[in-house]
Every structure is written in structure tokens, then in C-alpha cells.
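Here's the structure, in C-alpha cells; my notes come after.
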Amino acid sequence: MANMVILGAQWGDEGKGKVIDIFTRKVDFVVRYQGGNNAGHTVVIDDAEFILHLIPSGILHERKICVIGNGVVVDPKALLEEIKMLRSRNIGVDGRLMISENAHVIFPYHRKLDELKEQKLKKIGTTKKGIGPCYADKVARSGIRMADLLDDAVLKEKLLANLDEKNAILGKIYGAPGFSFDELYDEYKGYAREIKKYICDTAVLLNDAIKKNKRILFEGAQGTLLDVDHGTYPFVTSSNSTAGGASTGTGVGPTKIGKVVGVVKAYTTRVGEGPFPTEFGKDLMQKIRQKGKEFGATTGRPRRCGWFDSVIVKHSIMVNGIDEIVVTKLDVLDDLDSIKICTAYRFEGKVYNDFPTNGRVLAGCEPVYEELPGWKEDTTKVTSYLKLPRNAKNYLKRMQALLKTKIVLISVGCDRKQTFSKDS
Ligand code: GDP
Ligand code: IMO
Ligand code: MG
């Protein structure tokens, strides 16, 4: 089996955690390539629910190696909490977790700046985990990387320089207190002692593994429409959650990645601010949010819900080169009399079949809908495609025809077992 990227084709929370867990059986390595603990990936195994924020979902499988690539931003406090949570549930990470020495480190001033910017300036609805400010430092070439944590002199020099700048911004722009060098230095030296054993050159590790024919699964976080280049900018995250990020975020070249799988929710959700053409009105929003348990796995915020939007998923298929699709949460639509699919947008009298990248246009777009009859049957116990109600099959067929991309797997519940192949 080829090395593959599994990523979200909408605005995140498509059920990537569940799908990655299923594919993990076939691979040797599971690798996160971007984002940080803004992600929340849920895996349910026999009634036990695990939510992973930073550590690849593959950690739940014994003997799989999990890698946090250079493209990820790592909050060491959150990382150690996650390791502790896993240990308390009898899942050891030692010898199976590797972190790139080039991954950037999130500091408390990143979290604070994220929070203050959200309060006082433009609201994006971020997770306030410090993700944006940490990536901003990375691109500004002033960030602190994992390798720097291990070198006292370098850490001291870089932290002093960063604090000079951050404390001035905190005080002068936000009227907030600054951070003490001594306290942060001691705190992060403490983290460095605990994390040191996981830090290595993960690009070499992964490329050596490929030479030995080991198989790699690249675990996308967030979703395509949250990608900083291809998403609904500025209402996006600060990394490349699209397939290209798997190369830049790990040091594995694109020629070594054989397949891209897109995870698509049977409807659409989004957390935070920004345009959402197919967003439901109040009643349907309540109904689907309750039925789909659409509350953020990281922040607990209610997710905004809407009809399936083929315009955004076609855009995702294009910018990621998606080969195959997994459809999740089909069961959430079980009770509906009829179901809408957005096939195009209309803006100022013009019809858009392609996703408009101009934010002002997108914000003003009205969806063009097609309506299909619902199936009004419980699908959560269905174990094969053939046994799905006829109208559920028709819904999937229409989706596949609009997307011109093969649906390979269908998910009808949180559990591993509630998944079947389109060919079954
Ligand atoms: P991720 O960020 O893409 O990994 O997705 P999240 O874990 O944030 O959100 C997906 C939620 O839907 C989780 O609570 C999953 O347990 C749940 N889920 C996944 N697949 C299905 C499905 O087919 N049906 C239902 N009802 N829930 C699902
Ligand atoms: P997973 O991996 C859904 C959203 C936030 C906000 C925007 C920017 O679980 O699918 P950030 O904190 O990243 O600067 O916030 O991105 N966001 C997510 N939405 N799922 C996620 O991750 C998200 N990670 C970030 O709500 O709108
Ligand atoms: Mg999530």
C-alpha cells in the first residue's frame, strides 16, 4: 500500500480521527505534519473515547511509530498532559513517539497574544492555543524550535530576544503585563528535560523508513477550508492543512506520497467565524447539532452546521489532489424528510460552479440547492453498502457524481465497527 495522506475536505471535524484509526492497521508510521493542539481527533474503541490533540491518532495501536513533524507547533505543556492522559489509560508512548527537532515551540506569550488579539482586534474565533502567534514567529524567523530547548545558551538568547518584543507588544498595544524571563526559562528547561528523549531528526527517520518499505500515514489536522492559502482566508488556521503540507511539514518529498484520501462529513460543520453558505437556520441547526453531537472536541464550542456543499468539497478535491473519499456521519441525517445538496452558488445574478476565493464574494453567495428525499431509517446498525436504505444510497451516489471522485468507505457511527466499504 502506498504512503497516504488522510485529511479533512471541509472545515475540520470531519471524523479524521476515526478514519485514521481504521487505516492505521495497514501502516507502520502515523505522522502529524501541521497544526498543533488546536486539533481534536476522536477515536472510539469499544465505548472508550480518546481525544487526541497533538499526538498522532496511531498511538492507540501498539507498535505503531508516531511522529510529530517539523510543520507542527508544539505546546510542551499540552504534550506532557496528553502523554500523561495516555499513560493513565495504559498506553505508553516511549520508544513510539518522535518529535522533530525543527518543530516550533508554543510559549505562554503566544497563547496570551492569541487571546488578546481575539478580544481586542479582528475576531477569527480561534482556539486560543497560541497557534497563529507561534506560526507568525516561525515565518518571521524569530521562533524557538525543539532543538533550541535542548541548548541552554541558545534558549536563553532566543527567549530574551522574544520577551523583549512580546512584553513590549503586550504592554503597549494591549495594556497587559509581560512575562518573566526567569520563570519561563525554568519552566521550559523543565519541559526540555522531559521531552528530550522524543526529539530527533524526523525527516531522516521517515526517509530511512521509506527506503525500508515501511508505510506512512500522514494525519491531516483541521480541514482544507481552514488552510492558510486555500481556505476561507482570513477565517482560517495558520498552517497548510492541505496535502502539500505533508511534504513541507515532514521533509518527505511529494514523489514519496502515493495517495490522498479526503474525509467528508455527510453534511457540513464549522467552528469559529467566517462565511458558511449552506449554514442551517435555527431549528435544523439545533436538531443536527444534538443528533451529531456537534460540539468542539478541543474547546467544547457548539459547531455551526449546514447542508452538504459540493462546491467546497470539489475545491478540496482539486487543491489536494484527492483520490478517494470517506463519507462520515451519514447516520446523522437519518431522521430528515428531505435533504439538500448545494451544487453551485449565486452572487449578484452570476452562478459560481467553482469556489470563489474572494472572501467578499463568498460571504455574499447564496447556495443553489438540489433536494433529495430522506430515508427515515436508522442506519447505525447497517454493516454494508447494499443494506443501506435506497434513498441513502441515492444520496451517496449523487454526492459521488457531483464530486467525480470515488467514495471508498462510509461511516454510520463513532465506533470502529460502524464503517463499511462502498463495495460491500
Ligand atoms: P476530527 O477532528 O476530524 O478527528 O473529528 P472530531 O473528532 O473533532 O469530530 C468528529 C466526531 O464525530 C467525533 O465525536 C466522532 O466520534 C464522531 N463520529 C465520527 N464518525 C461518525 C459517524 O459516522 N457517525 C456519528 N454519529 N459520529 C461520528
Ligand atoms: P480538527 O483537526 C475545526 C478553527 C478555529 C478557528 C480557526 C483558527 O479537530 O479538525 P486556530 O486556533 O487554529 O488559530 O483557529 O480554525 N479550527 C478548527 N476547527 N477543527 C479543528 O481541528 C480546528 N482547528 C482550528 O475554530 O475558526
Ligand atoms: Mg476535531
Side-chain angles (χ1 to χ4, degrees), residues 6-22 32 34-45 47-54 56-57 72-73 75 106 110-111 113-115 117-118 123-136 219-228 231-239 241 262-267 269-276 288 290-304 326-334 378-380 382 409-420:
I6 298 185
L7 49 72
Q10 293 149 318
W11 275 289
D13 304 326
E14 297 89 349
K16 298 177 292 295
K18 171 178 169 165
V19 175
I20 286 157
D21 174 66
I22 288 166
R32 275 281 305 269
Q34 46 68 236
N37 60 320
N38 49 350
H41 296 178
T42 313
V43 182
V44 178
I45 307 167
D47 293 335
E49 184 183 79
F50 294 84
I51 298 178
L52 293 146
H53 300 286
L54 201 46
S57 306
V72 177
V73 286
D75 184 333
I106 297 179
H110 292 129
R111 290 195 297 263
L113 288 166
D114 196 355
E115 184 191 318
K117 196 168 176 191
E118 280 287 295
K123 200 164 183 294
I124 302 288
T126 75
T127 59
K128 298 183 185 156
K129 301 290 182 192
I131 306 295
C134 185
Y135 276 117
E219 170 171 355
Q222 289 78 57
T224 303
L225 276 296
L226 288 172
D227 181 282
V228 68
T232 45
Y233 190 88
F235 301 101
V236 293
T237 193
S238 302
S239 65
S241 44
V263 185
V264 174
K265 205 179 271 196
Y267 49 101
T269 61
R270 150 160 232 183
V271 197
E273 306 298 313
F276 184 172
I288 296 295
Q290 293 308 327
K291 174 114 175 143
K293 299 198 177 73
E294 294 295 357
F295 296 90
T298 296
T299 59
R301 289 178 291 175
R303 294 176 183 147
R304 300 160 64 192
V326 178
V327 177
T328 61
K329 303 193 98 163
L330 185 69
D331 55 295
V332 178
L333 305 179
D334 282 353
D378 179 11
T379 58
T380 58
V382 171
L409 271 186
I410 295 143
S411 168
V412 289
C414 324
D415 197 88
R416 275 176 180 171
K417 290 175 217 116
Q418 292 170 297
T419 323
F420 46 84

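Note that the structure is predicted; figures quoted are calculated from it, not measured. Remember, it's 1-based here, ligands and their atoms both numbered in the order they're listed.
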Just by distance, do the side chain of [X] and the backbone of [Y] share a donor-acceptor pair under 3.5 Å?
| X | Y | result |
| --- | --- | --- |
| E115 | K128 | no |
| T328 | E14 | yes |
| K265 | D13 | yes |
| E118 | I124 | yes |
| Q10 | Y267 | yes |
| Y233 | D227 | no |
| R301 | G125 | yes |
| D334 | T379 | yes |
| S411 | T419 | no |

Practice prompt. Answer yes when K129 and D75 have at least one side-chain N-carboxylate O distance shorter than 4.0 Å, and no when they do not.
Written response: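 The answer is no: the pair does not qualify as a salt bridge.
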Worksheet item: Under 4.0 Å between a Lys/Arg side-chain N and an Asp/Glu carboxylate O for R416 and D21?
Response: yes
Starting from [atom], what is the nearest protein heavy atom, named by residue and atom, and what distance separates them?
| atom | answer |
| --- | --- |
| atom 4 (O) of ligand 1 | G17 N, 2.8 Å |
| atom 15 (C) of ligand 1 | T42 CB, 4.0 Å |
| atom 25 (C) of ligand 2 | Q222 CG, 3.7 Å |
| atom 1 (P) of ligand 1 | K16 N, 3.5 Å |
| atom 26 (N) of ligand 1 | D331 OD2, 2.8 Å |
| atom 12 (O) of ligand 1 | K329 NZ, 2.9 Å |
| atom 13 (O) of ligand 2 | T237 OG1, 2.6 Å |

Stepwise side chain to side chain contact (heavy atoms under 4.5 Å, CB included) test for T380 and Q418:
CA-CA 7 Å; T380 58; Q418 292 170 297; 3.7 Å; yes
Can a non-hydrogen atom of [X] be found less than 4.0 Å from any atom of ligand 2?
| X | result |
| --- | --- |
| R270 | no |
| A297 | no |
| T298 | no |
| W11 | yes |
| H41 | yes |
| G125 | yes |
| R301 | yes |

Tested for side-chain contact (heavy atoms from CB on, under 4.5 Å) against S57, the lone hit among V19, L52, I51 is L52
Give me the atom names and distance for the closest heavy-atom approach of [X] to [Y].
| X | Y | answer |
| --- | --- | --- |
| S238 | G132 | OG-CA, 3.3 Å |
| V412 | D331 | C-OD1, 3.1 Å |
| S239 | Q34 | OG-NE2, 3.0 Å |
| H53 | R32 | O-NH1, 2.9 Å |
| K18 | D415 | NZ-O, 2.8 Å |
| F235 | P275 | CD1-CD, 3.8 Å |

List ligand 2 atoms under 4.0 Å from [X], heavy atoms only on the residue side.
| X | value |
| --- | --- |
| G40 | 1 (P), 9 (O) |
| A39 | 1 (P), 2 (O), 9 (O), 22 (O) |
| T126 | 6 (C), 11 (P), 12 (O), 14 (O), 15 (O) |
| G272 | 27 (O) |

From [options] - option closest to [atom] by heavy atom:
| atom | options | value |
| --- | --- | --- |
| atom 17 (N) of ligand 2 | L226, N38, L7 | L226 |
| atom 8 (C) of ligand 2 | L225, V236, T299, T127 | V236 |
| atom 9 (O) of ligand 1 | E14, H53, R303 | R303 |

Under 4.5 Å between any side-chain heavy atoms of R270 and L225, yes or no? no
Qualifying residue, where the test is side-chain hydrogen bond (donor to acceptor under 3.5 Å, both in side chains) with T126 and the options are D114, N38, T237
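Single side-chain hydrogen bond (donor to acceptor under 3.5 Å, both in side chains) partner of T126 among D114, N38, T237: D114.
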Ligand 2 N/O within reach of [X] N/O, cut-off under 3.5 Å:
| X | result |
| --- | --- |
| E14 | no |
| K16 | yes |
| A221 | no |
| D13 | yes |

- Work out whether the distance between some heavy atom of K293 and some atom of ligand 1 is less than 4.0 Å. no
query: Does some non-hydrogen atom of G413 fall short of 4.0 Å from ligand 1?
result: yes
Sub-3.5 Å N/O-N/O distance, [X] and ligand 1:
| X | result |
| --- | --- |
| L330 | no |
| G15 | yes |
| G40 | yes |
| T328 | no |

- Query: Where the Mg ion (ligand 3) is the centre, what is the O-to-OD1 angle for G40 and D13, rounded to 10°?
  - Reply: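 The two atoms subtend 170° at the Mg ion (ligand 3).
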Just how far is it from atom NE2 of H41 to atom OG1 of T298, taken to the nearest 0.5 Å?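 Nearest 0.5 Å value for the NE2-OG1 distance: 8.0 Å.
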Near [X], which atoms of ligand 1 are under 4.0 Å from a heavy atom of that residue?
| X | answer |
| --- | --- |
| D13 | 1 (P), 2 (O), 3 (O), 5 (O), 8 (O), 9 (O), 10 (C) |
| V412 | 23 (O), 24 (N) |
| K18 | 20 (N) |
| S411 | 20 (N), 21 (C), 22 (C), 23 (O) |

Quick look: D114 vs ligand 2, heavy-atom contacts under 4.0 Å, and the answer is neither
With heavy atoms and a 4.0 Å threshold, my read on which part of K129 contacts ligand 2 is neither
**Asked** What do we get for Q222 next to ligand 1 when only non-hydrogen atoms under 4.0 Å count, side chain, backbone, both or neither?
**Response**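 The answer is neither.
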